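Bear in mind the structure is a predicted one, so any value in this text is a computation, not a measurement. Every heavy atom of this structure was used, including side-chain atoms; hydrogens, water molecules and symmetry mates were not.
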Amino acid sequence: MATRPVEIGPTGRQTATNIERIRTLLGLSQRQLAERLTNLGRPIPSTALSKIERGDRRCDVDDLVALAAALGVSPATLLLPPVADDTTTTVTGAGEVTTGHAWDWADGIQPLLPRENDGVLDHAVRTRPEGRRGDHLVAKGGASLAPNPLGHLTMTELIHLLDDLKEALLDG
């Protein structure tokens with residue numbers, strides 16, 4: 001029994017568009033991008049790049065990361081629209097959201113889908129690595145991006161506090 005190909009969803013289509021857009025902005029041909037990928041140890045022939053950009057071939061996770069490295073962008077830059085405002089986009093598994101909200105999710109600032117009794121700190125503990133759980137609450141130069149009742153703490157003290165809270169909660 002033949003299997004039918006899995007349809008490329010909205011995030012896959014956005015990724016294809018972004019790969020072509022960024023490649024073109026950099027003045028690279030598909031052949032030049034293929035050479036970069038080969039030099040990075042993840043060869044993708046120019047014919048396959050053409051199929052990815054047209055939406056005729058899926059881009060797996062390893063290809064996505066290699067393409068992001070070759071293009072000099074983060075993987076999120078390939079996954080999401082090139083704006084972060086009130087315009088809407090469709091994210092696979094979540095439906096329509098604003099591009100600003102999608103980018104906040106990709107940046108680890110807030111969940112994409114609401115969870116009951118879930119705050120910014122809960123999300124940070126769940127999604128951000130140790131040592132990076134509080135950075136998004138404070139802008140460069142120390143200016144607060146969100147109300148911070150713990151504003152008297154340094155960033156390092158806040159991160160240690162979050163880690164201690166997590167540990168205490170997990171231990172019961």
Side-chain angles (χ1 to χ4, degrees), residues 1-26 28 30 33 37 42 44 47-140 143-149 158-159 162 165-166 169-170:
M1 176 178 206
T3 60
R4 63 174 196 187
V6 177
E7 182 180 327
I8 296 174
T11 304
R13 289 189 299 274
Q14 182 67 61
T15 299
T17 299
N18 287 338
I19 291 167
E20 181 178 22
R21 177 181 59 81
I22 295 166
R23 178 185 59 74
T24 303
L25 280 172
L26 293 173
L28 295 173
Q30 290 172 341
L33 180 55
L37 289 160
R42 184 72 180 184
I44 301 175
T47 54
L49 288 173
S50 176
K51 288 179 181 179
I52 289 170
E53 289 181 0
R54 287 193 321 261
D56 293 338
R57 178 183 185 269
R58 298 177 67 79
C59 179
D60 74 20
V61 176
D62 292 316
D63 291 346
L64 177 84
V65 172
L67 281 160
L71 294 169
V73 298
S74 75
T77 301
L78 297 180
L79 293 167
L80 296 173
V83 296
D85 56 23
D86 290 333
T87 59
T88 59
T89 188
T90 303
V91 176
T92 304
E96 275 199 12
V97 297
T98 66
T99 57
H101 186 86
W103 273 103
D104 284 348
W105 166 66
D107 290 339
I109 294 171
Q110 66 177 333
L112 185 60
L113 300 173
R115 291 170 51 117
E116 193 172 323
N117 301 320
D118 197 17
V120 172
L121 294 180
D122 298 313
H123 182 70
V125 168
R126 190 175 54 256
T127 62
R128 297 178 66 83
E130 288 187 33
R132 302 285 312 260
R133 292 192 177 135
D135 333 4
H136 67 289
L137 298 175
V138 178
K140 289 187 179 5
S144 179
L145 293 175
N148 184 1
L158 182 59
I159 290 169
L162 287 171
L165 279 170
K166 175 187 162 201
L169 289 171
L170 292 175

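When the side chain to side chain donor-acceptor pair (under 3.5 Å) test is applied to Asn18, the partners found at least two apart in sequence or on another chain are Gln14, Arg21. Thr127 is linked by a side chain to side chain contact (heavy atoms under 4.5 Å, CB included) to His123, counting only residues two or more places apart in sequence or in another chain. Scanning for side chain to side chain donor-acceptor pair (under 3.5 Å) contacts around Thr92 gives Thr11, with sequence neighbours left out. Partners of Asp63 according to the side chain to side chain contact (heavy atoms under 4.5 Å, CB included) rule, which considers only residues two or more places apart in sequence or in another chain, are Arg42, Ile44, Arg57, Cys59, Asp60. Residues satisfying the side chain to side chain donor-acceptor pair (under 3.5 Å) criterion with Glu20, sequence neighbours excluded, are absent altogether. With sequence neighbours excluded, the residues forming a side chain to side chain contact (heavy atoms under 4.5 Å, CB included) with Thr47 are Pro45, listed by chain and number. Residues meeting the side chain to side chain contact (heavy atoms under 4.5 Å, CB included) test with Glu96, sequence neighbours left out: Thr88, Thr90.
When all heavy atoms are compared, the tightest approach of Glu53 to Arg23 is OE2-NE, 2.7 Å. For the pair Thr89 and Ala102, the tightest heavy-atom approach, listed with the atom from each and the gap, is CG2-CB, 4.4 Å.
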For residues 64-85, which side-chain N or O atoms pair as donor and acceptor with protein atoms under 3.5 Å away, sequence neighbours left out?
| from | atom 1 | to | atom 2 | distance (Å) |
| --- | --- | --- | --- | --- |
| Ser74 | OG | Ala76 | N | 3.4 |
| Ser74 | OG | Thr77 | N | 3.3 |
| Ser74 | OG | Thr77 | OG1 | 3.1 |
| Asp85 | OD1 | Thr87 | N | 2.8 |
| Asp85 | OD1 | Thr87 | OG1 | 2.6 |
| Asp85 | OD1 | Thr99 | OG1 | 3.0 |

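The distance from atom CZ of Arg54 to atom CG of Leu49, rounded to the nearest 0.5 Å, is 11.0 Å.
At a threshold of 4.5 Å between non-hydrogen side-chain atoms, the residues Trp105 and Val97 do not count as touching.
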